Structure formats: C-alpha cells, structure tokens
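Single-structure report; data block below.
Atoms considered below: every heavy atom in the structure, side chains included; atoms not considered: hydrogens, waters and symmetry mates. Indexing begins at 1, ligand by ligand and atom by atom, following the structure's order. Everything numeric in this text was worked out from a predicted model, so none of it was measured.
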Amino acid sequence: MNISFCCKDDNASLWIGELQTALPQASVTLWQPGAPQADMAVVWAPPQQFFDEQPQLRAIFNVGAGVDALMKLRLPAQALVVRLDDAGMAVQMAEYVCHAVVRHMRHFAAYEADAQTGRWQRQLAPDRSAFPVGVMGLGVLGERVWSRTPKGLSALDCYAGLAALPHFLARCRVLVCLLPLTPDTQGILNRETLGQLKRGAYLINVARGGHLVEDDLLPLLASGQLAGATLDVFRTEPLPPEHPFWRHPQIRVTPHISAGTLPGKSIAQIVDKIGALTRGEPITGIVDRQRGY
Ligand code: NAP
Ligand code: GLV
C-alpha cells in the first residue's frame with residue numbers, strides 16, 4: 001500500500017517516520033508534484049494538484065477535525081474523506097473555552113488592568129446563574145445546546161434546527177461557536193443573530209473565521225449588545241497586524257490554537273483506521289460530503 005503525505009505547516013519528517021514505523025508493510029512518502037499514485041493520503045490543506053494527480057485514492061485522512069478547506073477542492077469521487085475524531089483536541093477545546101468564560105465572568109481583564117497601576121478595586125461577585133452558556137454545535141468537540149438534529153442529553157437543554165435558534169440565542173449570555181463551516185453556517189454569527197443574545201453577551205468563536213461577519217462585531221461591541229469576544233479563528237489567517245481586532249480592548253485574539261492536532265494520538269488513530277479499512281471493517285469519522293462535515 002502507498003500512502004502519500006501532504007500537510008502544510010507540519011513536521012513532515014516526524015509524521016512520515018511515525019506512520020512508516022506503525023505501518024511497516026506500507027510505503028509512506030512525502031508528496032511532490034509528479035509523484036507516483038498512492039492508495040491513501042494523509043493531508044492538511046493540500047493543493048488541488050495533489051488530488052488532480054491522484055484520482056484513484058481510496059481514502060483521504062484529514063489531519064484535523066474541520067474539513068471545510070478540503071470540501072472546497074475537487075476530490076476523487078470514490079475516496080472516503082475521514083476527519084480526526086477528537087484525538088486529544090476535545091480536552092484542549094474544553095480548557096480554552098473554560099478559560100475564556102471564567103476570565104470574562106470573574107472580571108480578570110479588569111484586575112489585570114488594575115494591577116498595572118496598583119489599583120485595589122473589587123468587582124461585583126459573579127453570579128453563575130446569570131451566565132447561561134450556549135454552545136452552537138454538539139459534535140465531537142462541542143457540548144451542545146443547539147445542533148442540526150435533537151440529542152437525548154439530560155444535563156443540557158438542547159435546541160435543534162433553525163426554528164429553535166432564536167429561543168436558544170435569547171437564553172445565552174455566553175455564546176460558543178463550535179460548528180463546522182458549511183454553506184448553512186457561513187456567516188451565522190452576525191448582527192441579527194448576535195443581536196438576539198442577552199444584552200451584554202460574550203462571544204467565543206473557536207470554530208472557523210467564516211462563521212463571523214467581522215464587520216458586524218465592532219458595532220455590536222460599541223452599542224453594548226456584546227460585552228466582549230474571544231476569537232481564535234479568522235477569515236484571514238494569520239490575522240494581519242493592522243487588523244482592528246488585535247488592539248480592540250474588548251476583543252481577545254489567539255492564533256488558532258484552541259485545539260491543536262497532537263501527532264502521537266492522531267497518527268495512532270489514522271493507523272487504526274487504515275488497518276480497519278484494509279480489513280473491510282467500519283470506521284468512524286467519515287465525512288458526509290453532501291452535508292460538508
Ligand atoms: P463535528 O463532530 O462534525 O460536530 C459538528 C456539530 O455541529 C454537530 O453536532 C452538528 O449537528 C452541528 N451542526 C452542523 N451543522 C449545523 C447546522 N447547520 N445547524 C446546527 N448545528 C449544526 O465537529 P467537531 O469535531 O465538534 O468540530 C467542530 C469544528 O470545530 C470543526 O469543524 C472545526 O471547524 C473547529 N475546530 C477548530 C479548532 C481550533 O483549533 N480552533 C480545532 C478543531 C476543530 P448534528 O449532530 O446534528 O450533525
Ligand atoms: C483545526 O482547526 C481543526 O479543524 O482540527
């Protein structure tokens with residue numbers, strides 16, 4: 001079996017070495033234009049040429065959870081597209097989101113500012129019940145209060161479908177976006193939807209930059225409808241140095257790090273799935289290309 005590796009921004013020799021060690025019967029090589037056809041591919045943000053030159057791929061393993069970049073390309077019709085299932089990302093995402101919620105709710109930004117000038121100033125003690133948190137997207141990474149189809153989780157109030165969206169939004173003081181980026185969710189964080197949150201709400205976008213209509217955010221902050229935002233993802237990445245989000249006092253920017261791919265866990269998962277596919281067994285994480293995630 002030939003496995004072609006093509007990942008932008010990744011440590012190719014580490015990945016190829018570990019995949020090769022775990023799959024001694026296969027030949028794992030770094031893709032270059034004109035390389036021989038492979039049976040399977042391990043990719044992150046490959047160029048269109050990668051797929052144009054390899055129309056016979058059986059499976060494409062995406063080295064991440066989100067497949068929106070892949071879905072924009074022309075892929076071999078018969079190839080399974082497989083995303084990472086957690087592989088150590090869910091706990092990172094939970095840590096990031098908890099940190100952002102607690103930092104906002106406990107006024108840590110104000111205390112950090114006061115510390116700069118030696119100002120001893122207590123803020124109002126936070127009342128947890130005044131901070132209902134809503135998560136858009138109950139997938140592998142999200143703990144959901146709203147998703148495409150209903151779920152039977154007793155500890156959460158679950159909302160599903162577009163008709164339920166206004167009811168969901170009206171209850172949220174903190175909104176976390178963990179949706180996949182698809183034609184249905186592009187621009188879903190906008191003036192109208194964010195305007196339906198409780199006044200003074202806080203936005204945390206850890207999904208994709210395309211979910212947020214960036215031009216709508218600053219007026220929502222200026223009007224007080226939003227108290228602030230923590231943003232990990234952007235329409236243009238890296239976020240250009242002159243972008244107003246960098247210096248806005250109510251916006252916290254991080255460079256797309258809320259849940260990073262862990263090579264060890266990811267390689268183990270991909271190797272297990274290659275083994276299962278080779279034996280004709282079912283695997284999880286197959287992307288529904290029609291749905292786009
Ligand atoms: P997932 O398992 O595919 O879950 C997606 C969830 O979104 C599902 O619950 C799905 O509902 C729901 N959904 C999809 N379309 C919807 C719609 N139109 N309306 C309402 N709900 C909808 O994905 P995941 O592994 O949790 O990852 C989510 C996203 O996080 C990824 O796509 C990626 O963009 C992003 N991500 C970001 C980072 C980072 O570092 N910033 C890292 C990893 C992932 P159903 O259950 O009904 O299908
Ligand atoms: C990262 O953004 C991912 O989709 O895994």
So, 4.0 Å and heavy atoms of [X]: is ligand 1 close enough to count as a contact?
X	value
Leu181	no
Met136	no
Met93	yes

Give the numbers and elements of all ligand 2 atoms closer than 4.0 Å to a heavy atom of Gly64.
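Counting atoms of ligand 2 from 1, those under 4.0 Å from Gly64 are 5 (O).
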Give the atoms of ligand 2, by number and element, whose distance to some non-hydrogen atom of His256 is under 4.0 Å.
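It comes down to these atoms of ligand 2: 1 (C), 2 (O).
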Can you confirm whether Leu189 sits close enough to Leu194 that some side-chain heavy atom of one is under 4.5 Å from a side-chain heavy atom of the other?
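Side-chain contact under 4.5 Å: yes.
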Do any N or O atoms from the side chain of Gln196 and from the backbone of Leu169 form a donor-acceptor pair under 3.5 angstrom?
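Flag not set: sc Gln196 to bb Leu169 has no pair under 3.5 Å.
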From the candidates Ala207, Gly66, Gly137, the one that places a heavy atom nearest atom 35 (C) of ligand 1:
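Nearest option to atom 35 (C) of ligand 1, by heavy atoms: Ala207.
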With atom 44 (C) of ligand 1 as the reference point, say which of Ile188, Leu141, Val135 has the nearest heavy atom.
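Of the listed residues, Leu141 has the closest heavy atom.
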At less than 4.0 angstrom from any non-hydrogen atom of [X], what atoms of ligand 1 do you find?
X	value
His256	39 (C), 40 (O), 41 (N)
Val206	36 (N), 37 (C), 38 (C), 39 (C), 41 (N)
Asp184	18 (N)
Val233	41 (N)
Arg83	1 (P), 2 (O), 3 (O), 23 (O), 24 (P), 25 (O)
Met89	43 (C)

Given the rule that I, L, V, M, F, W and Y join up when any side-chain heavy atoms are under 4.5 Å apart, are Leu84 and Met93 in one cluster?
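Same cluster.
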Is a donor from one side chain sitting under 3.5 angstrom from an acceptor on the other, for Glu112 and Gln116?
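On atom types as modelled, these side chains do not qualify, holding no pair under 3.5 Å.
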Does either side chain, that of Arg171 or that of Tyr159, offer a donor lying less than 3.5 Å from an acceptor on the other one?
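Side-chain D/A pair, Arg171 to Tyr159: present.
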Should the ring pair Phe50 and Trp31 be called parallel, tilted or perpendicular, given that the plane angle runs from 0 to 90° and is split at 30 and 60?
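Answer is perpendicular, since the angle exceeds 60°.
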I need the nearest protein heavy-atom contact for atom 5 (O) of ligand 2: residue, atom name and distance, please.
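The closest heavy atom on the protein side is Ala65 N, 2.7 Å.
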Using a 6.0 Å distance limit plus a 45 degree cone around the ring axis, check whether Arg173 lies over the aromatic ring of Phe131.
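Pair Arg173/Phe131 counts as cation-pi.
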So, regarding Thr185 and ligand 1 (criterion: nitrogen or oxygen to nitrogen or oxygen, under 3.5 Å), is there a contact or not?
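N/O-N/O distance under 3.5 Å: no.
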Could you tell me whether Asp232 approaches ligand 1 through its side chain, its backbone, both or neither, with non-hydrogen atoms closer than 4.0 Å?
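Answer for Asp232: side chain.
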Taking NZ, NE, NH1 and NH2 as the nitrogens, is one of them in Lys273 or Asp85 under 4.0 Å from a carboxylate oxygen of the other?
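Salt bridge: yes.
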